[in-house]
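Structure, as structure tokens:
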Amino acid sequence: MVAYAWLMLLFPLLGVLVNAFFGRRIGKRVVSWVACSAIGLSFLVALGVLVGVAGSKGIEQPLFTWIRAGNFRVEFSLLLDPLSALMAAVVTGVSFLIHIYSVGYMAEDPRYARYFTYLNLFVFAMLILVLANNYLMMYVGWEGVGLCSYLLIGFWFERKSAADAGKKAFIVNRVGDVGFALGIMLIFATFGTLQFSEVFRRAPGVLGPAVVTAITLLLFMGATGKSAQIPLYIWLPDAMEGPTPVSALIHAATMVTAGVYMVARNHVLFDMAPATMTVVASIGAATAFFAATMALVEKDLKRILAYSTISQLGYMFLAVGVGAYSAGMFHLTTHAFFKALLFLAAGSVMHALAGEINIMKLGGLREKLPTTYAVFAVGAAALAGVPLFSGFFSKDEILWRAFLRSPVLWLVGLVTALLTAVYIFRALFVTFWGKTRAEKKLWEHAHEAPAVMSVPMLILAVLAVVGGYIGLPRLSLVEGYLEPVLPAGHIAEAGALEWVLLAVSAVVALGGIALAYYLYVVRPEAPARLSRQYAPLYTLLSRKYYVDEFYMAVVVEPLRRVGRFIAELFDPQVVDGAVNGLARLAGVCGEGLGTLQTGRVRSYALSILVGVVIILGYFLLR
Amino acid sequence: MDAIRYLLILSAVLFTIGAAGVLLRRNALVIFMCIEIMLNAVNLTFIALSRQLQSLDGQIFVFMVMAVAAAEVAIGLGIIVSIFRHRATTDVDDVSLLKG
Amino acid sequence: MGISHMTATPLETVLFIIFGAVAIAGALSVILARQVVYSALGMLVNFVALAAMYIMLSAEFLGIAQLIVYAGAIVVLFLFALMLVGGRRPAEQGRLSPGFAAAGGALAVIFLAEIAYLVARMTGVAGARGTVTPEAIAQTGHIQLLGATLLLDYILPFELASVLLLVGIVGAVALARARRRSQEE
Amino acid sequence: MNIADVQVVSILPQMIMLAAALAVFLADLVWKDRKGIGLLALAGALAAFAAAAGMLAGSGAPTFQHMAAADRFALVISLVVSAAAVLALLISLDYVVRVELPAGEYYGLLLLAASGMMFLGAATHLMTLFLSLEILSIALYALAGIRTTDLRSGEAAMKYFLLGAFASAFLLYGMALLYGATGSTYLAGIAAAVPQKPADPMLIGGLALLLVGFAFKVAAVPFHMWTPDVYQGAPSSVTAFMSVGAKAAGFAALVRVLVTVFPALYAWWVWPVGILAVLTMTWGNLAALAQGNVKRMLAYSSIAHAGYILVGVAAGEAGVSGVLFYLMAYALMNIGAFAVLIALERAEADAAGVELARMSGLFHRRPWLAAAMTVFMFSLAGVPPLAGFFGKLYVFSAAVRSGLMVLAIIGVINSVISAYYYLRVVARMALAGPAEEVEPARCLGLSIGTGIAALGTVLLGLYPTWLFNLVQGTLAVLFGG
Amino acid sequence: MNSAGFPLLSLIVFLPLAGALLVLVWDKRAHASIRGISLGVTLAVLALTLAAVALFRPAEAGMQWEEHLPWIPTLGISYRLGVDGFSLFLLPLTALLFVIAVLASWKPVGSDEASRSAVQGYFFWLLLLETGVLGVFLALDLVLFYVFWEAMLIPMYFLIGRWGGERRAYATVKFFIYTMAGSALMLVAILALGYFAYQSTGAWTFDWQTLRGLNLPWPAPLWLFAMFGLAFAVKVPVFPFHTWLPDAYGEAPTPVTVLLAGVLSKMGIYGFVRFGLQLFPEGLRTAAPWLAVLAIIGILYASLSALMQKDVKRVVAYSSVAHLSLVVLGVVVANAQSLAGVVMQMVSHGIYVAALFLIVGMLEERRGTRLIAEFGGLWKPAPLLGVCFLIAMLGAVGLPGLNGFVGEFLLLVGLFQSVRAYAVLGALGMILGAWYMLWTFQRIMQGPAEGRNADVPDMRGADLLVMVPLLVLIIILGVFPNLILGPAGATIDALVGQAAAVAWLP
């Protein structure tokens, strides 16, 4: 199966081509069959590869030479190793489920074929990112998924907010990508190659500490863009303008984790740059915490999930930042399951209530949407880290490894875990419990999603529960599987401390749930009082720390103002004015000379005599 | 002072008077007369030099200049009279339709 | 200083000075006269004075030609023209623009100064002494020498001069004939 | 030197022109057909052209008693002048009838002027120089004023005459000084004497005044003031001819004097000539920018072109062939441009020349005429691949070769300025809507003249080699003979 | 090395001229057959250029199919053509864009009735322009090059001036004078170079091969480069010589804008390499920091300016300035990657910018305006238009997998190797580029479609015919850039070797 790995790319590509060119003619049924089967087949191949590469160090499959310019040679070639296989399997698997879900969710949309084209294109790009054997190809996938993200966020482009969000996502990502690109250039300048295996092989020999720090920081800059970390996370909440399955797939389960994957992929370099590692871990922790605080006061269900995603990505970076790559990858996997699940459930809510997403206008939905409620609860529990749910294990491993590195990081993680439990259960309680606040008409029409949507949710729910067991401490399936690529390193033998920490986080998670229960079920008037009491804090949180405004005022507006100055004043008046002024000057000179031409013979004679006197004088006195 | 220098200076003075007259007078006829003065001044130079150089070239040059002057007078007076017919003026400053 | 073989007797010198002064006076009266007709008379004086000098400079033929062509024909033509255009009126109604006059005068003075400088600094009139010595003139006769040179060595300029006169005639005719035609219409 | 030295054959083209002029005068007495007389003149000019061309093809450089040479330089000038005469006559055929010019006098004077120009190009003696200059000048004075019904024509003649006579007095003075300084009136004799006393003020002064005289003739700043007025006031066909012929002859004389007589004083005259060139082209181009009258604009443009040619003159020996080439190219394109103006010139209103507005939309009414004008304008602007470009290329390359890079730079900048006003004409014709419906003249002679000029301008651009070869050889003869 | 053999290049250059003359003598009312002739001729030229590409011997770095005939021997001017890996792909690009331009001119071009009906003249000038452009890319004699370079202004003058928009007269005169002014000094430099050849070999020559071998006394290479460079800088254009561009691009009819941006701007880049880098490497080296500063200013300045333009055509015009400034920067540092990027980006930019201008033309045709504020939501009524715009825009933005990326990235890699700051500043252009392009796209294609925007017709057959080849190329060249980099490789290596022979940037 490994030899046919390229099929993984081919199927989605075929799906793209078929749906792009014939999508509007072949009908929605065929479109969805084409799209889903493409990804399904791709998933099967991925599973095959997953099994096939187990235990191997990695196989490279060159397809063709892409760019050759002097010694700058880039092959289009696949790297198949446990890391990429795991990632590919997660990507295609989750994608497959979400494709199926989308068949139901998007059933009424007029741009049905386009939607699936984009979605297939996304999988294609994501697989290129994952399977790349060199930086530039990874960059291709990297920007490719960015494009699909842009297109899908702005899928309903008639809404200005959607178009804005898409553009914002692309541009903010571009900022990160530029860092990534510069990192690639630095790598090329240092190693003369862009192939992972070559770079990693030579890295210990040729890299100085400054260069490796620079390289890794630049790469990490790319990761902050794609994975929505501080300071470039601002695009992700807005990205919720896209269709919900897209949020589930791209902005929760797959694309945004690319940064984590990239860091893991480059662990050789990152391991050599302790300073960068500190930065990565700190930014991860900080992002995890701040995003969680913002999620606390958010009223938009999808945005709560978006902040949650940012926060969980922060966890992952915390993990890779402390060197726990497989822990990061493990959390990435479980997160993919439960966050996709949460989004799909949210989508189900929207589907039922004609797109209503403000949790303050929902409530009491558990009677109308029992399945959705159930899977949401599973997802929430997994996210909150309720023991025995998948998130519990992966998060715990991260906290444990963070503790080994620095108790401060651990403490931040722990607090975040508390906040996580609070905000997600706040969302759960406000949405599904109590009395409804929805409009009557909507409420009456609310209905459970069709099977095509609920089945994928159920599958994901199962995965969200059991997904954690592949990485149970001491069992460590993930770690073991990734061992050939990500050597676990020498970790201190887990002692009693690990169990204590496990217990602490379990308590914290349950405590958070309890707190949420108290605040939103027992004393529903309390949150409002609190928000009045701590008004400044509340405003700060609800305005997302004014970061958007900050960027607007410090970056966007000044640039626009400079642009306007150039476009409307400087360019036409000064630069072009100089040109036109020169022309006008010549014209004025011409008219001036014309006035010397008086028409009078004597003045002409005078001019001749002037000439005579000057020339004669010159010749005589020379 | 040598005789030749005296003669050359004399003709230069005459030439300059003629040139000044061209600038200072507005009557076309007078301007033309001034030009004739200038030509005659040059003629004087030629004759003096011819004598000095003991060559006839200068004298023959003066002979040619006389022919030129005759032809110029024919044309010049024709033009001036022609203009006078149209405009009733011989003031060159009045003849300035063309300018700019 | 260069050689000068132009030797003058004191009488000749005095005559040169006198004729020179007359010539200058004539020229000045051309540009200073209020009426055109006086200008023409000044010009005549100038021409005659120069003719005298030519004769003194042993260019007798040209002296005579000067009297005939200039003092005779040309001045008469001027007077004819003057009659046609009404020479009795003052030449100019308005006054000269003072700036222009000053500029013109200054330029004329500078020009004169330049020529004077030239004459003063010249390295003498050059060349080997020519063949037309007083002896040669005495032997062949002035007019004969001149005629031979003109018609042998200078036949082309001579012919060109005749072409030139033709041009003058035709040109004058053209201007006059066209005028006549326009008057007829 | 005796009568046996007279080689009449050496002045054959000039003699043909003179003979044609006499024939025209005689024919005028008995024949009232203006067009017929014009054709007679045309035949004469063509014969002169053929004679010049034939002599160029032949060998030997006979002189007429060292008064006039038939060297290749002179013959090329004859070629240019007779070509200009042919074109001018072609475009006059209809014009003379239309504006009622006296045919005999007009054609005769034109041929006489042409012979004067050709003599000037051939002159190797101060007297021939002076007399031929006067022949062409006096003929042109008369021609400028020949449209006696028009005030402007008379005014042009008067200005031209007074200033021309004024300037030739200086020229004559210069000749006198040269005679005094060297004792010779032969150019060869003067040339021989120059190295012996190069710094004699009399010699230098003579050179300066000679320069002034020719500078007036070629309309170099500041001796150019007559040019716009005279060019505008004179009948257009006359302007066409004199702007080209007189310029060619004037430059011929200037080049011959400077390059053959005063090569030893190159260092003395290179910068005066260079500065004249700069002033001339800049002044001409800037002033042309402000003109709304095409005829007057072309007058200023002709000043500017004199400036470009002066660049070639300043280059000394190296520039001689460039100057000749330029003169030929200029003859074609400038007469062509005037031909188009003549076609457009209709009523009394146009007596002062065609206003720019009248050119509007010519492309719609007379596409070929407009196309020809476009060719002339682009060529005058120096856009390749037209004749004007190679003229500039040639003179500027000579300047660069003589170390006068500055002149070349100022020259090219000037041609950019000039492009603006030439383009304005094209823009009027091509880009603006049609003006009032006055049908431009249709006349065979005019069409042929315009066509030859346009074709020549294009061909001289695409394959300038033959003319390059022709003018290239002149140098050797100029110095060898 | 001589004119023996099949004169392929002459045929390429003069076939359009023959076509132009044929059009000129054709019945001027037979619009359809005039268009047909033009299409046939441009297609034939395209076929010939593709044959040139196919027959090109990629392993050789030197000139191929050289033709050499004396033209003006007295001045050492000859008719000399040749093509190497650097100029090779400019030929099919030029030929293709002329085919596209002819197709895009199938509907009457012009803003008034008179010019719309003047089909004959339009195609005459168009074909003449093609001869001029191809001549520029092939001429190996400096005077011949200059002749083509300048001669091209005449057809351009008429094409903009007669068939352009409202302010066409102003725009065309400005274009003409500005570019002529820019190249004026180049003529002097060419002459000076000829004279240097004269001094060292005793004969005037303007032969590019010979002049390359000259040992010029310092500082001649510097000022000669400056004089040449000004001409190229105006043509590209490099800041601050760019102000003719928005006017000319804005006023020219769409097919002509396509040519201006797609082909004519490449002449400047081409010149910088062929007559800058290859003739005066020392001059370029010394001037490099200054040129680099101008190019970087150009990138940022034009990008910011594009951001705030109100007219969509001007947005694309300024984007072109920004992109080409990066290419100039690539010429400045002149290493293997940057020069490969130059070659790649010249072709790529030509293709995507052509597509963008065609789309602008379609927008204008549909709505009668180019003001961005007037548009909105067009993607809904015109989905194909939206997709085509999207692909072209993404090509311009440099999305990997599309052609714009390869060139841009190679350029940046090259810059990074030489002067890291250049790469960083150049990369800022990537961000700004995405910004203004996406914003423009958003304001035109996205959002609600109101008023007249609601029923804008989508692209039809003819529109697709001109657009699809370009879009296909955008993708193909993005995926298989070696189609270009391969044959150009040997030449680029040679160029790099030559550039490396002089000590380069710090």
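Only this structure's heavy atoms are used, side chains among them; waters, hydrogens and symmetry mates stay out. By convention in this document, chain letters (A, B, ...) are assigned in the order of the sequence lines, proteins followed by strands, and residues within each chain are numbered from 1.
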[X] portion near chain D, given a 4.5 angstrom heavy-atom threshold:
| X | answer |
| --- | --- |
| L98(B) | both |
| A41(B) | neither |
| A74(B) | neither |

Top residue by heavy-atom pair count (under 4.5 Å) with chain B, among [options]?
| options | answer |
| --- | --- |
| A157(D), S184(D), G145(D) | A157(D) |
| A142(D), A176(D), G154(D) | A176(D) |
| A165(D), A287(D), A290(D), S168(D) | A165(D) |
| A169(D), A144(D), S153(D) | A169(D) |
| V230(D), L177(D), N293(D), T185(D) | T185(D) |
| F166(D), Y141(D), Y300(D) | F166(D) |

Worksheet item: With respect to V68(B), which candidate in L133(D), L172(D), L131(D), I135(D) satisfies the side-chain contact (heavy atoms from CB on, under 4.5 Å) definition?
Response: L131(D)
Worksheet item: Parallel, tilted or perpendicular for Y173(D) and F15(B), by the 30°/60° rule?
Response: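 Tilted: the ring planes of Y173(D) and F15(B) meet at 30° to 60°.
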Practice prompt. State, to 0.1 Å, how close M175(D) and F61(B) come at their nearest heavy-atom pair, and which atoms those are.
Written response: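 Heavy-atom minimum between the residues: SD-CZ, 3.6 Å.
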Give, for atom [atom1] of [X] and atom [atom2] of [Y], the distance between the pair rounded to the nearest 0.5 Å.
| X | Y | atom1 | atom2 | result |
| --- | --- | --- | --- | --- |
| K99(B) | M225(D) | NZ | CE | 13.0 Å |
| F32(B) | M158(D) | CZ | CE | 12.0 Å |
| S137(D) | I75(B) | OG | CD1 | 11.0 Å |
| E72(B) | E134(D) | CD | CD | 4.5 Å |
| L163(D) | I31(B) | CG | CD1 | 9.0 Å |
| I79(B) | F161(D) | CD1 | CZ | 6.0 Å |

Discussion item. Does M202(D) form a side chain to side chain contact (heavy atoms under 4.5 Å, CB included) with L49(B)? I'd like the steps, not just the answer.
Written reply: CA-CA 12 Å; M202(D) 199 172 203; L49(B) 290 170; 4.0 Å; yes
Worksheet entry | Any side-chain heavy-atom pair of F130(D) and M64(B) under 4.5 Å |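 Side chain of F130(D) against side chain of M64(B), heavy atoms only: no contact under 4.5 Å found.
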Worksheet entry | Y179(D) side chain vs G58(B) backbone, donor-acceptor pair below 3.5 Å |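 Looks like yes, one N/O pair under 3.5 Å.
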Worksheet item: Given a strict heavy-atom distance threshold of 4.5 Å, which part of F170(D) is in contact with chain B: side chain, backbone, both, or neither?
Response: both
